[in-house]
Amino acid sequence: MENHSGNTDTEKYRDKIATVDEHGRRIWIYPKKPKGYFYNLRTYVSWGLLAILFGLPFIKVNGEPLVLLNVLERNLILFGIHFTPQDFHLFVFAMLTLIVFIVLFTVIFGRLFCGWVCPQTIFMEMVFRKIEYWIEGDANAQRRLNKAPWTKEKIFKKVSKHLFFVLISILIAHTFLSYIVGVDQVQEIISQSPMTNLGGFMAMVIFTAAFYFVFSRLREQVCTTICPYGRLQGVLTDKNTILVSYDFIRGEPRGKIRKKEIPAPTVSTGDCVDCTLCVQVCPTGIDIRDGVQLECVNCTACMDACDAVMDKIGRQKGLIRYDSLNGIESKRKSIFTPRVLAYTAVLLILMVSNIAMLGSRSDLEAVILRTPGMLFQKVDENHISNLYNFQIYNKTNRSLEVLLKLKSADGELKMVGKSPVVSPTSMSEGAFFIEMNRSGLKGRKNKVIVQIYAGEKLMDEVSTNFFGPG
Ligand code: SF4
Ligand code: SF4
């Protein structure tokens, strides 16, 4: 097998993980601090995303959180809309749409999401790693510090770094919990003694410990070996997928140049001067010049590093850039392949269906069933009645006084007991009779429609059967 550089047996790098040595021990990665155009851009994007992530739980609409993902109590609020278990079909559809979107996006842009949007990368590279650089210095200084004996300076640096890590982990854990139980409940948990709310306190401790472990120890292992999205890359990407790629046609044969040769000569060697800076900045420890690899999180650090080198030696930037294998080989980018068009069509159908289903979603939902084991009752010579059971779900955050009416002039709906008042996001059940004029019946089985009102507003209509003597 040959790789991009034309070397034989170079697929060997696929036999091992860059972060594990031959004895199966972890190789700790010390990525050199990245700098450059893409890193700056990613920093600004991460500020925006972090502001949204930390700010969203505090935003309320009419006293209700804008977003609440309380899966434990089956209470979901998305952009002010309450979703109850009765909306499960909407949830399934939305998930399906999301999966197709992810697939389509990955087919075209690979792991772009990982580098720019994924919370793991954003927290790791833009928060925790920056604190590490600030306290311990760049890669070489970190290496030296780790090998150094435990002096006062080392203890101070290590303790302060881990103190920051714990504090940020606490902040993330509280935010995470705010999405699940709401910011008010989190504030309540914080203000009480741990023993008053032991469950909430323990949840905070466990989440804090998990985040601290992920960002202080596990790090790139999440992206390279644990994340299922990362593992899917092999089946989703193809030769037309835009990825962070090394232009092996321009770069090879690679060769070192001496300082006095700058600007670099344009003969004999390719544009890669084998400075290995692209490898040194990589947070997953890979060499992008070997070719596309599962471990690459598209963080752009190698693009910035190589652009800086190209600038210095007077060669064109973009030796490592966003491009597809076909783009590099043929200099043509082809995004709209048949596979992409097929995914897009499915995605559009799913999106339109989602919007239509959301648009037709009612704040009240009723289930009406004829009482089992009862056919019909004769009220008098001219009237027949049927007994029904109902369940009414209130999906709003306010109590609703519900009125049931029959949509037919030939009969009447009579409640057993009072009309229900349904509490917010709750269900109420009961029974009612429908009494029909015999003259209005067209046979044994008749279709009738029950209307459900909240005050004056018609909220739902349910069709059911009315049985007569025939
Ligand atoms: S940074 Fe650019 S020039 Fe240096 S080794 Fe990597 S690809 Fe080659
Ligand atoms: S190869 Fe480049 S883009 Fe991929 S993870 Fe490493 S530095 Fe980031």
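Read the numbers this way: they start at 1 and go in the same order the structure lists the ligands and their atoms.
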Note: heavy atom closest to atom 8 (Fe) of ligand 2, options A301, P34, C299, belongs to C299
Within a strict 2.8 Å cut-off of atom 6 (Fe) of ligand 1, protein N/O/S atoms tallied 1
Think R111 forms a cation-pi with F105, using NZ or CZ under 6.0 Å from the six-ring centre and within 45 degrees of its axis? no
Numbered in order shown, the ligand 2 atoms found under 4.0 Å of a heavy atom of N298 are 3 (S), 4 (Fe)
Under 4.0 Å from one or more heavy atoms of I286, ligand 2 contributes atoms 1 (S)
Open item on the list: Parallel, tilted or perpendicular: which one describes the rings of F215 and F211, with boundaries at 30° and 60°?
Closed with: parallel
L294 and G234 have their tightest heavy-atom pair at CD1-N, 3.9 Å
#### Entry: SB check K35 D304 (cutoff 4.0 Å)
no
In this structure, atom 6 (Fe) of ligand 2 is nearest to the protein heavy atom C282 SG, 2.3 Å
side-chain hydrogen bond (donor to acceptor under 3.5 Å, both in side chains) filter on Q233, not counting sequence neighbours, yields none
Ligand 1 to M310, heavy atom cutoff 4.0 Å, flagged ligand atoms 3 (S)
the protein heavy atom lying closest to atom 4 (Fe) of ligand 2 turns out to be C296 SG, 2.3 Å
Sorted by chain and number, sequence neighbours left out, side-chain hydrogen bond (donor to acceptor under 3.5 Å, both in side chains) with N40 holds for none
The protein heavy atom nearest to atom 5 (S) of ligand 2 is V297 N, 3.4 Å
query: When you check the gap from the basic side-chain N to the acidic O, do E64 and K60 get nearer than 4.0 Å?
result: no
Within the 4.0 Å heavy-atom cut-off, what V281 brings close to ligand 2 is neither
List the atom pairs, with distances to 0.1 Å, where a side-chain N or O of residues 161-175 and a protein N or O form a donor-acceptor pair under 3.5 Å, not counting sequence neighbours.
| unit_1 | atom_1 | unit_2 | atom_2 | d |
| --- | --- | --- | --- | --- |
| K161 | NZ | E132 | OE2 | 2.8 |
| K161 | NZ | E136 | OE2 | 3.3 |
| H162 | ND1 | Y212 | OH | 2.7 |
| S169 | OG | F165 | O | 2.7 |
| S169 | OG | Y212 | N | 3.3 |
| H174 | ND1 | I170 | O | 2.7 |
| T175 | OG1 | L171 | O | 2.8 |

If we number the atoms of ligand 2 from 1 as shown, the ones under 4.0 Å from a heavy atom of T284 are 5 (S)
Test your reading of the model: is there a side-chain donor-acceptor pair from Q142 to the backbone of G137, 3.5 Å cut-off? yes
Less than 4.0 angstrom from a charged side-chain N to a carboxylate O is my criterion; do R315 and D271 meet it? yes
